[in-house]
Amino acid sequence: MNFEHLKLFVRVASTHNISQAGQELGLSPPVASMHINRLEESLGARLIHRTTRKVSLTEEGMAFLPHAEEIIQSVVAARAAVGSGDAQPQGTLRITAPASFGRMHLMPAFKAFIAKYPSLYIDIRLTDSIVDLVEGGFDVAIRNAQLQDSSLIAKKLAVDKRIMCASADYVAQYGKPNTPEDLHNHQCINQAGLENWVFSTPDGPLSMKIKGSIRIDHGEAVRDACANGMGIAKCATWIAYEHLKRGEMVQVLEDYPLIDEAAIWAVYPSSRLLAPKVRAFIDYFSNYYGNPPYWDK
């Protein structure tokens, strides 16, 4: 059984595309297809359904996949144990991330990341839509919402701290709220999906749903509206830290911190062998953001 054929099969199982999987391993589409054929011939079983749109695993292919992954892991570990083999990140690393976070906190880091791993090609999609990793052929996704799909694995990269903010001009004109209940007497900016604000108080958690005069479905737009004096808003520190440092925005209700366990996660399919390129990405960005992350320092 050919080790390279196994690696290709595992990548095909992840990308659902023989040509793409072959390209990531430096193979032309005809050669990649030939390798899969030879693997199937060596096993005496058909592993992949081929259609004009995509490929999918047969029942036999699904049964064989975990064994193929285990073989690859064993070979990689064996080579590493004797200091041989090539476990350096290489090929195409396909990433999807929220637009604002990706623009602000992924893109500035990629210059040094690519310099460290010159054999990697980065293919990144910035979107606020939750995309299907397997269907889209992505190696890893950055998400700041709780993991709902049990078929995925999530590794925490950084804490996603949320605070209550207002512009300096707003505070000068209307003052600061002293307690969460005071928010009923202020203009508040709601973000779609995050309208419920839960505060830690001496009497326990206090959940509030404020009916503000504006509701926005984009985090940067919420921050900008807040910075422009339109009201008090709940903001992630990673999106507001520069405005806070410049004094354009200030934190309010510091004595009543928000109860929020949000985090920035690197997510990847559990059925996928954790390739060196994915491990390199997770390790690099966990260190790059820091603990606490640089935007909270």
Side-chain angles (χ1 to χ4, degrees), residues 1-96 114 117-125 131-141 149-153 266-283:
M1 192 178 300
N2 188 293
F3 180 65
E4 298 302 319
H5 295 176
L6 290 177
K7 289 202 300 183
L8 175 63
F9 170 69
V10 170
R11 290 306 302 152
V12 171
S14 297
T15 62
H16 296 271
N17 188 304
I18 295 177
S19 296
Q20 179 182 329
Q23 182 182 18
E24 293 182 8
L25 297 176
L27 304 173
S28 67
V31 171
S33 183
M34 181 179 63
H35 283 359
I36 293 297
N37 289 337
R38 288 180 175 174
L39 177 61
E40 291 177 325
E41 290 172 2
S42 70
L43 292 170
R46 187 172 183 178
L47 303 176
I48 293 174
H49 287 301
R50 297 166 173 84
T51 68
T52 56
R53 297 187 63 184
K54 67 175 183 179
V55 300
S56 59
L57 298 188
T58 64
E59 184 176 347
E60 293 78 8
M62 293 177 65
F64 180 65
L65 178 60
H67 299 288
E69 292 177 333
E70 184 176 354
I71 292 170
I72 294 173
Q73 288 175 324
S74 297
V75 172
V76 170
R79 288 177 171 177
V82 297
S84 65
D86 181 14
Q88 287 297 311
Q90 59 182 323
T92 299
L93 178 62
R94 300 197 69 229
I95 306 161
T96 178
I114 293 173
Y117 302 110
S119 297
L120 278 180
Y121 175 81
I122 306 300
D123 182 357
I124 183 167
R125 177 183 176 187
V131 300
D132 187 304
L133 271 68
V134 175
E135 184 71 22
F138 291 101
D139 295 292
V140 62
D149 190 340
S150 61
S151 69
L152 302 176
I153 294 177
V267 178
Y268 57 92
S270 60
S271 62
R272 177 174 301 176
L273 178 68
L274 187 58
K277 60 186 177 181
V278 177
R279 171 57 60 194
F281 176 87
I282 293 173
D283 291 346

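All heavy atoms count here, side chains included; hydrogens, waters and symmetry mates do not. Counting begins at 1 with the first residue of the sequence. Nothing here was measured: the structure is a model prediction, and the numbers come from that model.
- In this structure, Ile153 CD1 and Tyr268 OH are separated by 4.0 Å, a value rounded to the nearest 0.5 Å.
- The nearest pair of heavy atoms linking Val10 to Ala68 is CG2-CB, 4.0 Å.
- Rounded to the nearest 0.5 Å, atoms CZ (Arg50) and CG (Asn37) are 5.0 Å apart.
- Minimum interatomic distance between Gly22 and Ala32 (heavy atoms only, all atoms of both residues): CA-CB, 3.9 Å.
- Atom CE of Met62 is surrounded by 12 or fewer heavy atoms from other residues, nucleotides or ligands within 6.0 Å.
- Inter-residue side-chain proximity for Thr58 and Phe64 is flagged as unmet; no heavy-atom pair is nearer than 4.5 Å.
- Under a 3.5 Å cut-off, the side chain of Ser33 and the backbone N or O of Pro30 do not form any donor-acceptor pair.
- Two residues are said to be in side-chain contact when any heavy atoms from C-beta on lie closer than 4.5 Å; Ile122 and Ile114 meet this criterion.
- His49 contributes no side-chain N or O that, together with a main-chain N or O of Leu57, makes up a donor-acceptor pair within less than 3.5 Å.
- Atom NZ of Lys7 and atom CG of Asn2 lie 10.0 Å apart (nearest 0.5 Å).
- Taking each heavy atom of His16 and Ser56 in turn, the nearest pair found is ND1-CA, 4.2 Å.
- The minimum heavy-atom distance between Lys277 and Leu120, with the atom names listed, is CB-CD2, 3.5 Å.
- Atom OH of Tyr121 is separated from atom CG of Leu93 by 11.5 Å, given to the nearest 0.5 angstrom.
- No donor-acceptor pair closer than 3.5 Å links the side chain of Thr15 to the backbone N or O of Gln20.
- The salt bridge (Lys or Arg N to Asp or Glu O under 4.0 Å) test with Asp139 singles out one residue from Arg279, Arg94, Arg11, and that residue is Arg11.
- Nearest heavy-atom pair across Leu39 and Phe9 is CD2-CB, 3.6 Å.
- Residues Glu40 and Ile48 come closest through the heavy atom pair OE2-N, 3.2 Å.
- Residues Glu60 and Leu43 form no side-chain contact, since every pair of their non-hydrogen atoms from C-beta on lies 4.5 Å or further apart.
- When atom types are taken as modelled, the side chain of Glu4 and the backbone of His35 share no donor-acceptor pair closer than 3.5 angstrom.
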